[in-house]
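Only one structure is covered here, and it is reproduced in the block below.
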Amino acid sequence: MNRIMVVISLSIEGIQTIIANPELPKKEMEFVNKWKAENILESFFISVSKKDAVLIFQNIDEVKTKELIESLPYFPYMSKIEYHNLNKQF
């Protein structure tokens, strides 16, 4: 089964903006919860520092995955985004 893993790092300035605006995390989680309910987000991990995140998408292609990531409220604050196409073994 194919998956797309997205590894995201936030910029230091972005983290400061997010902390200063408590509505941003709420808006971000609305997207994550919607994707989970739609069965396109299989897993979601946040680092302890909250600077990095890993999302594992299923049932969509890389083009759609990029569109979704670019729609996130945190997108302007992301300093690095990596997309990895994976085959799930178990």
Side-chain angles (χ1 to χ4, degrees):
M1 296 172 56
N2 294 337
R3 300 288 189 272
I4 300 174
M5 179 176 68
V6 183
V7 181
I8 297 170
S9 294
L10 297 173
S11 68
I12 292 171
E13 298 82 15
I15 293 170
Q16 292 169 350
T17 301
I18 292 164
I19 290 170
N21 185 347
E23 288 302 310
L24 272 175
K26 291 176 188 175
K27 290 179 182 176
E28 185 84 358
M29 287 310 297
E30 287 175 11
F31 282 82
V32 170
N33 291 327
K34 179 178 180 269
W35 297 341
K36 180 67 177 167
E38 292 172 348
N39 199 35
I40 57 174
L41 184 63
E42 181 180 71
S43 299
F44 177 56
F45 303 90
I46 301 175
S47 66
V48 173
S49 69
K50 298 191 179 186
K51 181 183 182 286
D52 306 296
V54 175
L55 296 87
I56 311 252
F57 288 91
Q58 61 185 2
N59 305 321
I60 59 172
D61 63 16
E62 187 172 343
V63 171
K64 180 64 176 173
T65 301
K66 287 180 179 182
E67 289 173 7
L68 293 174
I69 294 299
E70 291 172 8
S71 72
L72 287 169
Y74 282 14
F75 181 73
Y77 312 110
M78 296 177 187
S79 62
K80 184 177 180 184
I81 307 168
E82 298 176 19
Y83 297 89
H84 302 276
N85 288 289
L86 307 172
N87 287 320
K88 186 171 182 178
Q89 299 297 309
F90 56 87

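By the 4.5 Å heavy-atom criterion applied to side chains, Ile8 and Tyr74 are not counted as neighbours. Considering only heavy atoms from C-beta on, Lys88 comes within 4.5 Å of Glu42 through its side chain. Counting heavy atoms from C-beta on, the side chains of Leu86 and Asn2 never come closer than 4.5 Å. Contact of the Ile18 side chain with the Glu28 side chain is not registered, since no non-hydrogen atoms from C-beta on lie closer than 4.5 Å. Side-chain contact between Tyr77 and Ile15 is absent, with no heavy atoms from C-beta onward closer than 4.5 Å. Taking 4.5 Å as the limit, some side-chain heavy atom of Phe57 sits within range of a side-chain heavy atom of Ile69. The closest side-chain heavy-atom distance from Lys36 to Phe44 is not below 4.5 Å. You'll find the side chain of Val6 stays beyond 4.5 Å of the side chain of Leu68, heavy atoms only.
Put simply, Ile56 and Ile40 are part of two different groups of oily side chains (I, L, V, M, F, W, Y) that touch within less than 4.5 Å, one to the next. Cluster membership for Met5 and Phe45, using ILVMFWY side-chain heavy atoms within less than 4.5 angstrom, is shared. The hydrophobic cluster containing Val54 does not contain Met78, counting ILVMFWY residues as joined when their side-chain heavy atoms lie under 4.5 angstrom apart, directly or transitively. Taken together through direct or relayed side-chain contacts under 4.5 Å among Ile, Leu, Val, Met, Phe, Trp and Tyr, Leu55 and Val7 form parts of separate hydrophobic clusters. Ile4 is connected to Ile81 through a chain of hydrophobic side-chain contacts under 4.5 Å among Ile, Leu, Val, Met, Phe, Trp and Tyr, so both are in one cluster.
Side chain of Asn59 to backbone of Asn39: a donor-acceptor contact under 3.5 angstrom is found. Here the side chain of Ser9 pairs no donor or acceptor atom with the backbone of Ser79 at under 3.5 angstrom. At distances below 3.5 Å, not a single donor-acceptor pair connects side-chain atoms of Asn21 with backbone N or O atoms of Thr17.
A salt bridge is absent between Glu23 and Lys27; no separation between the charged side-chain nitrogens and carboxylate oxygens falls under 4.0 Å. Between Glu62 and Lys66 there is a salt bridge, with a side-chain nitrogen of the basic residue lying less than 4.0 Å from a carboxylate oxygen of the acidic one.
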